[in-house]
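Notes follow the structure.
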Amino acid sequence: MTNHLFTVAGSATVHLDDLANQLRAQIDALPPDVPQLKAMRLDGQTGVQEYLVVVRGHENAHIHPDGDLIISILDGGGHVQLSSNQVEMSAGSIIVVPKGVCHAYYNLAKHDSVILATFSPVNTTADCPIQASDPPIAS
């Protein structure tokens, strides 16, 4: 990962590379039968939450019923599964997942994917199934 920095005006700058390495070490300690991802909440502002997420493998399908999610790929790549649609993602890609849309990120890189996840207004989750028979999400 290159030198990624994160700052909320008035707060100290955070070196995301260092935080990503801490999350990788936590993933290394996980048993192989659990989802291989870890997240750390970053400084935020009222109504918005930002997380640094490291994904090795994939996450379980879920929704955020109360807010939109913006996924920014900092390193790695893969795809976001949206019901029966699949959106390819590489470093530098950004996708907006509206509230209530079932989704899951799949890392396909040889190394971990590092993601900046921004939730507006809040981060709540609920499980959901992703089935091939679901109708496509309108673009």
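No hydrogens, no waters, no symmetry mates; every other heavy atom, side chains included, goes into these values.
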In Å and rounded to the nearest 0.5 Å, what is the [atom1] to [atom2] distance from [X] to [Y]?
{"X": "I115", "Y": "D75", "atom1": "CD1", "atom2": "CG", "answer": "10.5 Å"}
{"X": "L16", "Y": "L116", "atom1": "CG", "atom2": "CG", "answer": "7.0 Å"}
{"X": "S93", "Y": "L74", "atom1": "OG", "atom2": "CG", "answer": "11.0 Å"}
{"X": "N107", "Y": "R56", "atom1": "CG", "atom2": "CZ", "answer": "9.0 Å"}
{"X": "S113", "Y": "L108", "atom1": "OG", "atom2": "CG", "answer": "7.5 Å"}
{"X": "D18", "Y": "H15", "atom1": "CG", "atom2": "NE2", "answer": "7.0 Å"}

With D33, which residues qualify under salt bridge (Lys or Arg N to Asp or Glu O under 4.0 Å), at least two apart?
none

Picking from L23, V53, V54, what satisfies side-chain contact (heavy atoms from CB on, under 4.5 Å) with M40?
L23

Mind checking whether [X] and [Y] sit in one hydrophobic cluster, side chains of I, L, V, M, F, W, Y counted as touching below 4.5 Å?
{"X": "L42", "Y": "V8", "answer": "yes"}
{"X": "Y51", "Y": "V96", "answer": "no"}
{"X": "I70", "Y": "L37", "answer": "no"}
{"X": "V48", "Y": "I94", "answer": "no"}

Is any side-chain heavy atom of R41 less than 4.5 Å from a side-chain heavy atom of E50?
no

With side chains defined as the heavy atoms from C-beta onward, is the minimum distance between T118 and L69 less than 4.5 Å?
no

Tell me if the aromatic rings of H64 and H103 count as close, with their centers under 6.0 Å from one another.
yes

Would you call D66 and K99 a salt bridge, taking side-chain N to carboxylate O under 4.0 Å as the test?
no

Before accepting this row, confirm whether a basic side-chain N of the pair D112/K38 lies closer than 4.0 Å to the acidic partner's carboxylate O.
no

Going through the checks in order, is the ring pair (Phe, Tyr, Trp, His ring centres under 6.0 Å) test met by H58 and Y105?
CA-CA 6 Å; H58 65 86; Y105 180 80; 10.0 Å; no

Would a distance-only check, ignoring hydrogens and angles, find a side-chain to backbone donor-acceptor pair under 3.5 Å from [X] to [Y]?
{"X": "H111", "Y": "A109", "value": "no"}
{"X": "Q22", "Y": "Q26", "value": "no"}
{"X": "Q36", "Y": "V34", "value": "yes"}

How far apart are the C-alpha atoms of V101 and I63, what are their side-chain angles, what is the distance that settles it, and do they pass the side chain to side chain contact (heavy atoms under 4.5 Å, CB included) test?
CA-CA 6 Å; V101 173; I63 64 170; 6.0 Å; no

Measure the acute angle between the ring planes of H79 and Y106, then classify it against the limits of 30° and 60° as parallel, tilted or perpendicular.
parallel

Residue pair V14, T7: steps toward the side chain to side chain contact (heavy atoms under 4.5 Å, CB included) verdict:
CA-CA 6 Å; V14 176; T7 304; over 6 Å; no

Tell me, with the steps shown, if D28 and L30 meet side chain to side chain contact (heavy atoms under 4.5 Å, CB included).
CA-CA 6 Å; D28 290 341; L30 291 173; over 6 Å; no

Looking only at heavy atoms, what is the nearest atom pair of P121 and G67, with distance?
CD-CA, 3.4 Å

Evaluate the criterion side chain to side chain contact (heavy atoms under 4.5 Å, CB included) for residue pair I27 and R24; output intermediate values, then yes/no.
CA-CA 5 Å; I27 292 171; R24 285 183 179 101; 5.5 Å; no

Any side-chain donor paired with an acceptor under 3.5 Å for S120 and D68?
no

